[in-house]
There are 2 protein chains.
Amino acid sequence: MSERPVPRVEAVDRALQLLVALADAGPDGLPLAELAGRAGVNKSTAYRALSTFRLRGFATQDTASGHYRLGPAAFELGDRTFGPQNLAQALHPALVALSQATAELVHLGIMAGQYVLYLDKVEPERAIRVWSAVGQQVPVASTAMGRALLAAREVPDQQLGSYLRHLPAATAVAADRLRETVAHARRHGYAVEIGENEPDVACIGTAIMRGNTAIAALSITALAERMTEARQAELSRLIVREVTPLLPDGLALPATLIDGA
Amino acid sequence: MSERPVPRVEAVDRALQLLVALADAGPDGLPLAELAGRAGVNKSTAYRALSTFRLRGFATQDTASGHYRLGPAAFELGDRTFGPQNLAQALHPALVALSQATAELVHLGIMAGQYVLYLDKVEPERAIRVWSAVGQQVPVASTAMGRALLAAREVPDQQLGSYLRHLPAATAVAADRLRETVAHARRHGYAVEIGENEPDVACIGTAIMRGNTAIAALSITALAERMTEARQAELSRLIVREVTPLLPDGLALPATLIDGA
DNA sequence: CCTTGCGTTTCATTGTATGAAACGTTACGT
DNA sequence: ACGTAACGTTTCATACAATGAAACGCAAGG
């Protein structure tokens, strides 16, 4: 029952309360005196803390009114935690587990405009070499990952056509095929691609959600002849079983995928 | 070219860099010494700053490894800016303008589970805020706002049925009717409801987007007899014209609504 | 023209943030 | 089992930097 004095830095403590007050202020911001009052700090102290915020991008100041608003750096805090470089690191164990459980090649990627950008790749122990390269960009429309992301982001059918422009001839995709695969992904939580990028190579892909936002996707690659519908269902169950327990706090698989498992 | 010394608080400045380092650390967090190194601060200083973060929920510490991770308060920073209480304040001018331009009753609401929660309401003749209906919850399925939100969130048709359970008898909605109205909203950016909550009362509603996430909705209420298809189209154009210039940075109307105007 | 309210600056004083080093654990390699 | 390294935590004297009251300059409004 002994009192444990928690070491705290007064200046930092006040700054954090000021940061919360800034966030509570909303898009229009608040004048300095009001912020100082809400955070319970002296006006001068608040001014210097806010100047420091501004210096680091945690606050911006309306040039006309002088009001202070929350800055972009504060907005990005949460995004950085699950940004590309951290994602690859955080999800690598899940990829390894999935690759071992399926004995297949596994990829992690994010959407970058019209393309899916590969962030990580894990090959099974006994690997037959298949096409893949981290850092490579492949069209959204022709990949399982991209289709899973389109479904998870609830992109309406009308907008799907925009992903069909500028496709390399080798990966031409019919509009019907894209609609069909995305619809499948909306229902089942995973998307498929069979020989649409490389002959005899097939993938199934699923999105990775933070809240109700799709921030990444993973895919399993196999020989097309092995990617039967039964195998697809089996792989989708394996994803749920292997990946779920290894996801960092705040991330999840699509609800439709879990429901189907 | 005079040097303008920007007032800064050293402790706060160091704390902010530590916060960024925390965010960069990702979901697994980092040990104290590593964070201190990255932020360029002394280990003791980092420890006290992180203790202060913990105190305010900006950091959490893994009980097993001792690693520090970004806390929930940091995640919420961005969300608070566009949270319910601030939304109502930030969007009130837009509601007033819309009410004046249309001479109709205007509501603002957010989705809360199976219901739409009213945050604000503006009546045409007096600009006084009437709080009577604010705070009220109405079913998602039977309201224009709810249908607009379902469409903007790209909820697939298969999931719409879940919003039809537990409806009061007075607002019973057929599954076909719900699908039809949501489909309409997906196409045109606005949803309609005609006499489905109160006899002779009709609404059109549209979502309000932050990025590609629907965070709120607004609706215009009128007598059902006046809500002709022509009037609906006119109102949707008025929404685009009146609301768009009054939206805070970072918020937007649905693209499909703007395209139709 | 005066007043009011705002963000900003000044300045002396004190308090407090600081860093080096020591401490107590835990986990690991031998 | 031992020694060792790495970690988070605590201590402590010192100096520096954070502090608040008040003054400043500026713009807007009556």
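Not measured: the values here are computed from a predicted model.
Going from atom CG of B/Asn42 over to atom OH of B/Tyr47 covers 13.5 Å, rounded to the nearest 0.5 Å.
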*Please report the C-alpha distance between A/Arg69 and A/Asp28 in whole Å, then the side-chain angles of each, then the deciding distance to 0.1 Å, and finally whether the salt bridge (charged side-chain N to carboxylate O under 4.0 Å, His left out) criterion is met.*
CA-CA 7 Å; A/Arg69 281 184 303 214; A/Asp28 294 334; 5.9 Å; no

*Any chance you could lay out the salt bridge (charged side-chain N to carboxylate O under 4.0 Å, His left out) test for A/Glu234 and A/Arg231, step after step, and finish with the verdict?*
CA-CA 5 Å; A/Glu234 183 186 5; A/Arg231 178 64 171 162; 3.3 Å; yes

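As rounded to whole Å, 14 Å separates atom P of C/dG5 from atom CD of A/Glu34. In this structure, A/Asp13 atom CG and C/dT16 atom C1' are separated by 14 Å, rounded to whole Å. In this entry the distance linking CG of B/Leu35 with P of D/dT9 reads 12 Å, nearest Å. Rounding to whole angstrom units, CG of residue B/Leu30 and P of D/dA6 are separated by 17 Å. The NZ atom of A/Lys43 sits 11 Å away from the C1' atom of D/dC24 (whole-angstrom rounding). Rounded to a whole Å, the CG atom of B/Leu50 is 15 Å from the P atom of C/dA17.
Side chain of B/Ser219 to main chain of B/Cys203: no donor-acceptor pair is present (N/O by atom type, distance under 3.5 Å, no hydrogens or angles).
The base of C/dT8 does not come close enough to the side chain of A/Ser51 for any donor and acceptor atom to sit less than 3.5 Å apart. Judged by distance alone, with hydrogens and angles left aside, B/Ser44 brings a side-chain donor or acceptor within reach of the base of D/dT10, the pair sitting under 3.5 Å.
Of the candidate nucleotides D/dA18, D/dC7, C/dG19, C/dG19 has the atom lying nearest to any side-chain atom of B/Thr45. Here C/dC6 is the nucleotide among C/dC6, C/dA20, D/dT19 with the atom lying nearest to any side-chain atom of A/Pro31. Among the nucleotides C/dT18, D/dT10, D/dG8, the one closest to the side chain of B/Tyr68 is D/dG8. For A/Arg48, taking side-chain heavy atoms from C-beta onward, the closest of the listed nucleotides C/dT10, D/dG8, C/dG19 is C/dT10. Across D/dA18, C/dA21, D/dA22, the shortest atom-to-atom separation from the side chain of B/Ala11 is found for D/dA18.
Contact between the side-chain N/O atoms of B/Arg14 and the OP1/OP2 oxygens of C/dG19 is found at a separation under 4.0 Å. The phosphate of D/dA18 has neither OP1 nor OP2 within less than 4.0 Å of any side-chain N or O from B/Arg8. Taking side-chain N and O atoms only, A/Tyr47 has no distance below 4.0 Å to OP1 or OP2 of D/dA18. In terms of phosphate contacts, B/Gln61 brings no side-chain nitrogen or oxygen within less than 4.0 Å of OP1 or OP2 of D/dC7.
For the 3.5 Å distance criterion, the side chains of B/Gln61 and B/Arg54 qualify, holding a donor opposite an acceptor.
Map B/Asn42 and A/Ala33 each onto its nearest nucleotide of DNA chain C; the residue landing nearer the 5' end is A/Ala33. Nearest-nucleotide positions on DNA chain C for A/His67 and B/Glu10 put A/His67 closer to the 5' end.
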